[in-house]
Amino acid sequence: MSCRTTTFALLAALALSAATPATSVAAKQKRCPASGAGCSLKQVAAETGIFAGTALSNEMTAAEKADVIANFNAVTSENAFKWSEMSKTAETTDFATTDRLVAWARWKKLRLRAHTLLWHRIQNAPWLKAELAAAPDPAARLRELIAERVTKVVGRYRGKIEVWDVINEPLAIFGAGYDTEDTAVTPKNIFYTTLGEGYIADAFRLARKADPKAKLFLNELLWDSRIGDPKSDALLALVARLKKARVPIDGVGIQAHAMLGTSSPWFPSTTASLKSYIDALGKLGVKVEITELDVRLPLLADQPNPLAAQAAVYRRVASACAQARACTGLTVWGVRDSDSWLDSYSLTSATAPNKPLLLDASGKRKLAYQAVAAGLLGRRR
Ligand code: 9MR
């Protein structure tokens, strides 16, 4: 065959393949079935437009990296960005781990949620209390430290991090207020007790200035909380106050650890109750993401099939997210069951292994995995 004939044949073949409906049929066939069977959550994310995420540990193993790439299209730093991890002293900020994590997420095209700038409860800067106690004007010193941290950290990654958890867990664990005393369960909210609620608005404004395009979230612990309890109402009221004051808040994270089993039935009571709560937040003008979902298996030990019961809880949450227009993502708090924080946490280590995640200890997809896929597929682009 002459060179010209070959070229012609090639062009003809190309034109044919572009015109033939075979490609679109193939693409159609590849769509996930409504049951989610055989589909990865990252495929589901592509079809629904809902981010499917997982938490990333500071030191990722090769297996963890492979699991993340095969299954998810979004990641949250589980610990790396916390103040205690980045600043061992008031004068220093160590970016080694966060730089590595940001570079990896960008390389793999995973949306990154950086967690978190200010959290009073655990992993706050270990030196902060003494620093404020020694300051002639503790409020002024705290304002200065917050401005320094937010500006420096957000600014360093300007244009490279899509989402920030600017404020984590500002409200008390239960009830409608803030932690104002040190107790055995939680320290006082040192930001609130020193500066009042204004620390939240200040941090959001500083973050917006440092990276105008990043999405800024307030992330709150609503574990086993029934919608309509004082805490969920307090969160709505707080977001309404922030919006009214034109604070640049783009979203609210609902952590959703189903952990304590203090309420029954399990969080969320129903798909409808969680959906209506997300809708209520959405009406205030914010997006919503489920940010730290895990479901402890021992809580379901009395069920005939605990793994199926666990999958049902996951499905309720995923369906609510799919049905509520404001919901833009669902993230589980860890990759494999064996990575979960619950097995080393004091309140839950006695029941280890808690097996709360979507992949088992060997990386195999559990029933809950497909349940999340099916739930999210309730929304299609
Ligand atoms: O998973 C995190 C674990 O590795 C840490 O030791 C723990 C203590 O700070 O924090 C865990 O993550 C928390 C998250 O940052 C905020 N919401 C509650 C999570 C579970 O405590």
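Model, not experiment: these values are computed from the prediction. Just follow the structure's listing: the first ligand is 1, and inside any ligand the first atom is 1. Just so it is clear, the values below take in all heavy atoms, side chains as well, and ignore hydrogens, waters and symmetry mates.
Within the structure, every pair that satisfies the disulfide (SG to SG under 2.5 Å) test and touches residues 296-346, not counting sequence neighbours, is listed here: Cys321-Cys327.
With sequence neighbours left out, the ring-ring contact (aromatic ring centres under 6.0 Å, His included) criterion links Phe81 to Tyr157, Trp164. Residues passing the side-chain contact (heavy atoms from CB on, under 4.5 Å) test with Arg208, sequence neighbours excluded: Leu216, Pro248, Asp250.
Between Glu197 and Tyr178, the closest side-chain pair of non-hydrogen atoms falls below 4.5 Å. Proximity of Trp107 to Val102: side-chain heavy atoms (C-beta onward) are nowhere separated by under 4.5 Å.
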Would you mind listing each N/O atom of ligand 1 next to any protein N/O under 3.5 Å, plus the distance?
from: ligand 1; atom 1: 1 (O); to: Glu78; atom 2: OE2; distance (Å): 2.4
from: ligand 1; atom 1: 1 (O); to: Trp333; atom 2: NE1; distance (Å): 2.9
from: ligand 1; atom 1: 4 (O); to: Glu78; atom 2: OE2; distance (Å): 3.3
from: ligand 1; atom 1: 4 (O); to: Asn79; atom 2: ND2; distance (Å): 3.0
from: ligand 1; atom 1: 9 (O); to: Gln123; atom 2: OE1; distance (Å): 2.5
from: ligand 1; atom 1: 10 (O); to: Lys82; atom 2: NZ; distance (Å): 3.2
from: ligand 1; atom 1: 12 (O); to: Trp333; atom 2: NE1; distance (Å): 3.2
from: ligand 1; atom 1: 15 (O); to: Lys82; atom 2: NZ; distance (Å): 2.7
from: ligand 1; atom 1: 15 (O); to: His115; atom 2: NE2; distance (Å): 2.7
from: ligand 1; atom 1: 17 (N); to: Glu169; atom 2: OE2; distance (Å): 2.8
from: ligand 1; atom 1: 17 (N); to: Gln255; atom 2: OE1; distance (Å): 3.0
from: ligand 1; atom 1: 17 (N); to: Gln255; atom 2: NE2; distance (Å): 3.4
from: ligand 1; atom 1: 17 (N); to: Glu292; atom 2: OE1; distance (Å): 2.7
from: ligand 1; atom 1: 17 (N); to: Glu292; atom 2: OE2; distance (Å): 3.4

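Contact check on Asp279 versus Lys275 returns a salt bridge, with a Lys/Arg side-chain nitrogen under 4.0 Å from an Asp/Glu carboxylate oxygen.
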